[in-house]
Amino acid sequence: MTAYNATVLRTVRITPRMLRVTLVGDELRDYQGSGLPDESCRVIFPGPDEPRRVYTIRRRDPAAGEIDIDFVLHEGGVAATWAVGAQPGDAVVLSGSPAGKYSPPPDAAWQLLAGDATALPAIGRIAEGLAPDARAHVICVVEHEEDRQSLPNVTVDWLPATPDAAGPALAAAVLAYGCPPGDGYFWVAGEMAAARDLRRHFRHTLNLPAAQYATVGYWRHNAEEWEARYSAVAPTITTRLESAESIADDEEYFDAIDDIHAEVGL
Ligand SMILES: Cc1cc2nc3c(=O)[nH]c(=O)nc-3n(C[C@H](O)[C@H](O)[C@H](O)COP(=O)(O)OP(=O)(O)OC[C@H]3O[C@@H](n4cnc5c(N)ncnc54)[C@H](O)[C@@H]3O)c2cc1C
């Protein structure tokens, strides 16, 4: 894990609820990313306990030593609050190792990119890298019409939902989309419960091989309430969670974690 010092160069409100923060720093010239369009990094914010959150790298310009991060401006939260008040010269640290899961089979007949507002930076970067004939469709849940963004090379269904309802709306829309003919590829990112349910759908209902889908939980609805419930059951599941660590296959590992969580009502 490498750490990179950076400062805010500028901020731009790209839609009412999305703020683009351009970071700059000599160390960013050597940022070691995966190069995948959904690559992410940890942002370490100033403060006594150095809070950190994961964000997508929306744009990287090694020659200029710049990285763009698009922050969803939701209620509360260290990161969203920091972004709203960010001023040129403010310091943050990025840390990370090569990350990202977008990896469609080269001969994919179609792609579905689905997510909520937090997935828009990755979807935007993925779309920009696609050929116009890639046969890629986007399903994106945003709160208001003004939260939509222009996305090249894809067709888009925008669905309105408040953040509280974003997870269920995303899950329902992807289930309703079904699975078009031919070997395609699903990429889903957004609220944790939706990402978890859709992973199980792809693997256990559609019986897709792992190469044909990627799901990533980006944020948790009512995180504090979930964490309180987790703390209450942690002593009873810690040993089982630890023993799941020895499962080598990623999908089998996620199945095991889902099962343990489901048993205790998480
Ligand atoms: C790989 C990856 C890439 C990501 N990329 C991006 C990105 O490019 N842009 C982006 O905005 N986010 C992105 N996220 C999501 C981001 O990390 C979370 O939303 C994070 O919780 C925000 O931190 P915070 O300090 O603002 O809020 P927290 O302190 O984590 O949470 C405070 C409260 O806000 C709620 N909350 C958290 N996020 C949201 C939200 N988006 N909408 C509504 N309520 C929320 C929580 O439930 C909690 O109640 C990504 C996450 C991952 C794992």
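Order of appearance sets the numbers: ligands from 1, and atoms from 1 within every ligand. Values below: all heavy atoms of this structure, side chains included; hydrogens, waters and symmetry mates excluded. Just so it is clear, the structure is predicted and the values come from calculations on it, not from any experiment.
- Aromatic ring orientation, Trp226 versus Tyr230: parallel (interplanar angle below 30°, classes split at 30° and 60°).
- Those atoms of ligand 1 with a heavy atom of Glu75 less than 4.0 angstrom away are 34 (O).
- Listed by atom number, the atoms of ligand 1 under 4.0 Å from Arg220 heavy atoms are 46 (C), 47 (O).
- The aromatic rings of Tyr4 and Tyr31 sit tilted relative to each other, their planes meeting at an angle between 30° and 60°.
- Counting the atoms of ligand 1 from 1 in the order shown, those under 4.0 Å from a heavy atom of Val78 are 24 (P), 25 (O), 29 (O).
- Note: an N/O pair closer than 3.5 Å links Val54 and ligand 1 by distance alone.
- For ligand 1, none of its N or O atoms has an N or O atom of Pro163 under 3.5 Å away.
- His74 CB, 3.5 Å is the protein heavy atom nearest to atom 42 (N) of ligand 1.
- For Gly217, the heavy-atom gap to ligand 1 drops under 4.0 angstrom.
- Annotation for Glu146: atom CD counts as buried by contact number, over 12 foreign heavy atoms lying within 6.0 Å.
- Looking at Val216, Asp38, Thr118, it is Thr118 that brings a heavy atom closest to atom 41 (N) of ligand 1.
- Close approach to Ala79 involves these atoms of ligand 1, each under 4.0 Å from a residue heavy atom: 23 (O), 24 (P), 25 (O), 26 (O).
- Below 30°, between 30° and 60°, or above 60°: for Tyr55 and Phe71 the angle between ring planes is between 30° and 60°, a tilted geometry.
- Taking distance alone, with nitrogen or oxygen atoms compared against 3.5 Å, Ser40 stays at or beyond that limit from ligand 1.
- Interface atoms of ligand 1 facing Phe71, defined by a heavy-atom separation under 4.0 Å, are 11 (O).
- Closest to atom 29 (O) of ligand 1, if we only count protein heavy atoms, is Arg53 NH2, 3.0 Å.
- Distance from atom 52 (C) of ligand 1 to its nearest protein heavy atom, with residue and atom name: Tyr218 CD1, 3.4 Å.
- Put simply, CD1 on Ile69 and CZ on Arg59 are 11.5 Å apart, with the number rounded to the nearest 0.5 Å.
- For atom 10 (C) of ligand 1, the closest non-hydrogen atom on the protein side is Tyr55 CE2, 3.2 Å.
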Are Glu224 and Arg229 close enough, and set up right, to give a salt bridge (Lys or Arg N to Asp or Glu O under 4.0 Å), and what steps lead you there? CA-CA 9 Å; Glu224 297 78 4; Arg229 287 194 288 125; over 6 Å; no
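- Residues Thr215 and Leu198 share a closest heavy-atom pair of CG2-C, 4.4 Å.
- The heavy atom nearest to atom 9 (N) of ligand 1, considering only Asp70, Val72, Val43, is found in Asp70.
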Test ring pair (Phe, Tyr, Trp, His ring centres under 6.0 Å) on Phe202 and Tyr213; report intermediate values, then the result. CA-CA 7 Å; Phe202 298 143; Tyr213 62 88; 5.7 Å; yes
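- For the pair Arg58 and ligand 1, no heavy-atom separation below 4.0 Å is found.
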In sequence, state the C-alpha distance, the side-chain angles, and the governing distance for Thr118 and Asp116, and then conclude on side chain to side chain donor-acceptor pair (under 3.5 Å). CA-CA 6 Å; Thr118 59; Asp116 55 38; 2.6 Å; yes
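- Classification of Asp68 and Arg60 as a salt-bridged pair fails, no side-chain N sitting under 4.0 Å from a carboxylate O.
- No more than 12 heavy atoms of other residues, nucleotides or ligands sit less than 6.0 Å from atom CG of Asp183.
- Only backbone heavy atoms of Asn222 (N, CA, C or O) come within less than 4.0 Å of ligand 1; its side chain stays farther off.
- Considering each of Met18, Glu224, Arg125, Arg42, the one bringing a non-hydrogen atom nearest atom 49 (O) of ligand 1 is Glu224.
- Among all protein heavy atoms, the one lying closest to atom 19 (O) of ligand 1 is Trp219 CB, 3.4 Å.
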From CA spacing to verdict: side chain to side chain contact (heavy atoms under 4.5 Å, CB included), Trp110, Cys179: CA-CA 10 Å; Trp110 50 265; Cys179 191; 3.9 Å; yes
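- If you number the atoms of ligand 1 from 1 as listed, the ones under 4.0 Å from a heavy atom of Gly77 come out as 24 (P), 25 (O), 26 (O), 27 (O), 28 (P), 29 (O), 32 (C).
- Annotation: Ala80 places an N or O atom under 3.5 Å from an N or O atom of ligand 1; distance criterion only.
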For Arg17 and Glu143: C-alpha separation, side-chain torsions, deciding distance, then whether salt bridge (Lys or Arg N to Asp or Glu O under 4.0 Å) applies. CA-CA 9 Å; Arg17 282 162 207 80; Glu143 192 166 359; 3.6 Å; yes
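- The distance criterion of under 3.5 Å between nitrogen or oxygen atoms is met by Thr56 with respect to ligand 1.
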